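Computed from heavy atoms alone, side chains included, the values below leave out hydrogens, waters and symmetry copies. Just so it is clear, the structure is predicted and the values come from calculations on it, not from any experiment. Within every chain, numbering begins at 1; the chains are lettered A, B, ... in the order of the sequence lines, protein sequences first and strands thereafter.
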2 protein chains.
Amino acid sequence: MEAEATKEILLVALGGNALIGKGQAGEVTEQLDNLKLPIRQIVHLSREYSVIITHGNGPQVGNLLLQQESCEDVPRLPLEILVAQTQGWIGYMIESTLDNELMAQGWDSETYLVSLISYVVVDENDPAFLHPSKPIGPVYSEEKAALLPFPTVKTAKGYRRVVASPRPVTIVEKREIKKLIGQGFIVVCCGGGGIPVVREGRTFNGVDAVIDKDLASAKLAEEVGVDVFIIATDVAGAALNYGQPDERYLRRMSVTEAVSHLAAGHFHPGSMGPKVEAAVEFIRRGGKRAVITSIEAIEQAVKGRAGTEVVRD
Amino acid sequence: MEAEATKEILLVALGGNALIGKGQAGEVTEQLDNLKLPIRQIVHLSREYSVIITHGNGPQVGNLLLQQESCEDVPRLPLEILVAQTQGWIGYMIESTLDNELMAQGWDSETYLVSLISYVVVDENDPAFLHPSKPIGPVYSEEKAALLPFPTVKTAKGYRRVVASPRPVTIVEKREIKKLIGQGFIVVCCGGGGIPVVREGRTFNGVDAVIDKDLASAKLAEEVGVDVFIIATDVAGAALNYGQPDERYLRRMSVTEAVSHLAAGHFHPGSMGPKVEAAVEFIRRGGKRAVITSIEAIEQAVKGRAGTEVVRD
């Protein structure tokens with residue numbers, strides 16, 4: 001166990017496309033299949049790093065919301081419970097894929113795995129509660145979106161439902177996660193950005209919201225002392241003029257450059273924006289390395305050969 | 001930490017009524033409120049014992065199944081994924097209630113909590129796959145049950161949907177759970193009997209089933225070396241002639257007596273039967289103490305003052 005403590009800590013935040021690929025409906029078999037590519041790389045990296053995996057849940061939590069709205073026969077659940085459900089669902093898919101990959105590589109008896117329920121404190125006065133902005137669920141056409149009974153927002157891919165997305169204040173299980181890492185566990189946690197709760201005196205109470213998983217991951221990374229923070233998504237990194245003829249991917253940007261590009265609107269608020277913001281916050285709070293990269297290039301990004309790295313000024 | 005290792009290990013399996021009381025619809029606020037009574041007792045017991053908590057999910061998983069059958073817009077999920085969802089949902093409710101109670105008692109900074117995703121290996125040739133028998137979801141009247149598009153069974157409370165319920169072979173996370181207990185964690189695991197998987201070569205694959213949570217708890221208790229196994233439910237213990245004028249609660253029964261009462265049909269196959277069977281299996285495999293008791297009397301049962309204890313012959 002002594003040896004484990006000397007490993008650097010790597011946090012990989014898996015984006016939605018690690019689970020549901022372009023044009024896929026989101027069948028579980030597809031999601032399990034998609035996970036193999038990132039998980040294989042993470043298992044390789046686990047020989048050298050203590051590993052934490054976080055993950056998104058946007059499409060999944062949106063689907064659960066649609067399902068329960070379609071059924072009058074059983075009580076509806078608040079949004080934080082749906083987030084908790086996706087932690088069970090996606091945590092199981094990630095852990096069993098990890099298990100299968102560890103068995104395939106013959107390391108299963110040496111490795112401890114845990115997928116844990118995580119909840120995250122938010123501020124009840126966060127202005128996000130007044131301005132829902134986090135896209136969840138399926139993508140709709142503009143015509144369809146206009147007819148939906150809930151608020152939507154235009155994202156890079158089309159229109160999606162939005163819910164409140166307050167900022168993460170602290171990860172409730174940070175002590176536990178730190179201890180588990182120290183004991184050599186691979187830890188899957190903070191699924192979907194964590195179950196949002198507010199602290200009222202000596203009680204935690206769930207709230208109707210979804211926390212951005214990249215911002216929650218940055219907070220966790222700060223609180224447990226992560227060394228390398230990888231944000232894995234469906235593009236090669238952050239780009240200026242994304243989707244335009246003069247689109248230009250960045251290999252490195254300083255914190256100051258990143259903040260200036262954010263302000264200039266180069267990074268889409270519903271997708272790349274929070275990723276850049278999360279990387280910036282991690283580096284500002286003393287983190288060593290933060291890289292935004294594609295699912296395919298996680299290993300290369302850790303080695304400094306792919307993605308967009310946000311560096312200190 | 002040394003001290004933790006010398007504590008006896010207590011496993012409390014929480015039945016459905018720890019979450020949904022008689023006549024309740026199953027609103028989340030009700031479930032969180034109901035959990036306070038058992039959790040308060042478990043927090044007291046955690047000063048003296050290393051604690052594992054398992055829980056049922058019958059009403060919850062049945063509700064999720066109904067919800068997704070009501071919605072054509074998103075892909076349906078296999079039953080094992082719904083079980084995983086209930087582990088997230090109920091694990092969060094239990095852990096946050098534990099957290100609140102630990103804060104109320106001033107012990108929160110000394111205690112590590114973890115609710116983990118658990119999956120459990122079953123045998124793909126288990127005859128249960130041919131004979132669905134596990135009741136899940138809401139209770140229906142006989143008239144309503146006759147019209148439902150899925151198989152139902154008559155339980156002590158009324159008619160309920162049934163699904164396959166194979167026997168647990170091994171808990172995949174047993175090494176992790178043992179290590180966590182040794183490190184002083186309170187562990188919430190094996191929710192709903194665990195996510196059922198079959199092992200095919202070097203791969204785990206989910207299967208369409210639900211494992212009985214008391215049998216899974218007995219298997220876990222055996223595999224991690226539990227000392228005291230408490231099965232908490234909505235009656236005071238096991239009774240002969242349950243519900244009849246000559247009903248008689250038992251304070252103790254030997255393994256041989258229990259097996260004989262089971263064979264004579266004294267314990268309902270959908271409710272008390274698997275609890276008695278789980279207690280018998282635990283004692284037969286070398287367990288020290290197994291008690292079936294009410295949610296109200298968990299502490300008293302641990303102290304030998306309540307419930308039905310199954311003892312060695």
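- Heavy atoms closer than 4.5 Å to chain A are found in the backbone of B/Ser109, but not in its side chain.
- For the set A/Ser115, A/Gly201, A/Cys189, the entry with the most heavy-atom pairs within less than 4.5 Å of chain B is A/Ser115.
- When all heavy atoms of A/Ala25 and B/Pro75 are compared, the pair lying nearest together is O-CG, 3.3 Å.
- No side-chain heavy atom of B/Asn63 sits less than 4.5 Å from a side-chain heavy atom of A/Gln68.
- Looking at B/Glu176, its side chain does come within 3.5 Å of a backbone N or O of A/Leu113 through a donor-acceptor pair.
- Looking at B/Met103 and A/Thr203, their side chains never come closer than 4.5 Å, going by heavy atoms from C-beta outward.
- In terms of heavy-atom pairs under 4.5 angstrom with chain A, the leader among B/Leu66, B/Leu77, B/Ile90 is B/Leu77.
- The contact between B/Val172 and chain A is made entirely by side chain atoms (from C-beta outward), counting heavy-atom distances below 4.5 Å.
- Residue contact with chain A, scored on non-hydrogen atoms closer than 4.5 Å, involves the side chain of B/Glu173 exclusively.
- Using a 4.5 Å cut-off between heavy atoms, B/Val197 contacts chain A through its side chain alone, with no backbone atom that close.
- The local environment of CD in B/Glu142 is sparse, with at most 12 non-hydrogen atoms from other residues, nucleotides or ligands closer than 6.0 Å.
- Heavy-atom distances place both the backbone and the side chain of A/Leu116 under 4.5 Å from chain B.
- With chain B as partner, the option from A/Val28, A/Asp73, A/Asp99 having the largest number of non-hydrogen pairs under 4.5 angstrom is A/Asp99.
- Put simply, CD1 on B/Ile81 and CG on A/Leu32 are 6.0 Å apart, with the number rounded to the nearest 0.5 Å.
- In this structure the side chain of B/Ile117 reaches within 4.5 angstrom of the side chain of A/Ile117, judged on heavy atoms.
- With contacts defined as side-chain heavy-atom distances shorter than 4.5 Å, the pair A/Gln85/B/Leu64 qualifies.
- Only the side chain of A/Tyr119 comes within contact range of chain B, with at least one heavy atom under 4.5 Å from a heavy atom of that chain.
- Separation of atoms CG (A/Asn205) and OG (B/Ser96) is listed at 8.5 Å; rounding is to 0.5 Å.
- The part of B/Arg199 that comes within reach of chain A is its side chain, from C-beta onward, which places non-hydrogen atoms under 4.5 angstrom from that chain.
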Determine, stepwise, if the pair B/Gln87 / A/Tyr92 fulfils side-chain contact (heavy atoms from CB on, under 4.5 Å).
-> CA-CA 10 Å; B/Gln87 289 190 352; A/Tyr92 160 66; over 6 Å; no

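- Inter-residue side-chain proximity for B/Phe185 and A/Leu180 is flagged as met; some heavy-atom pair is nearer than 4.5 Å.
- Within the 4.5 Å cutoff, no side-chain heavy atoms of A/Trp89 are placed close to those of B/Leu82.
- A donor-acceptor pair is defined here as one N or O able to donate and one able to accept, closer than 3.5 Å; such a pair exists between the side chain of B/Arg175 and the backbone of A/Thr111.
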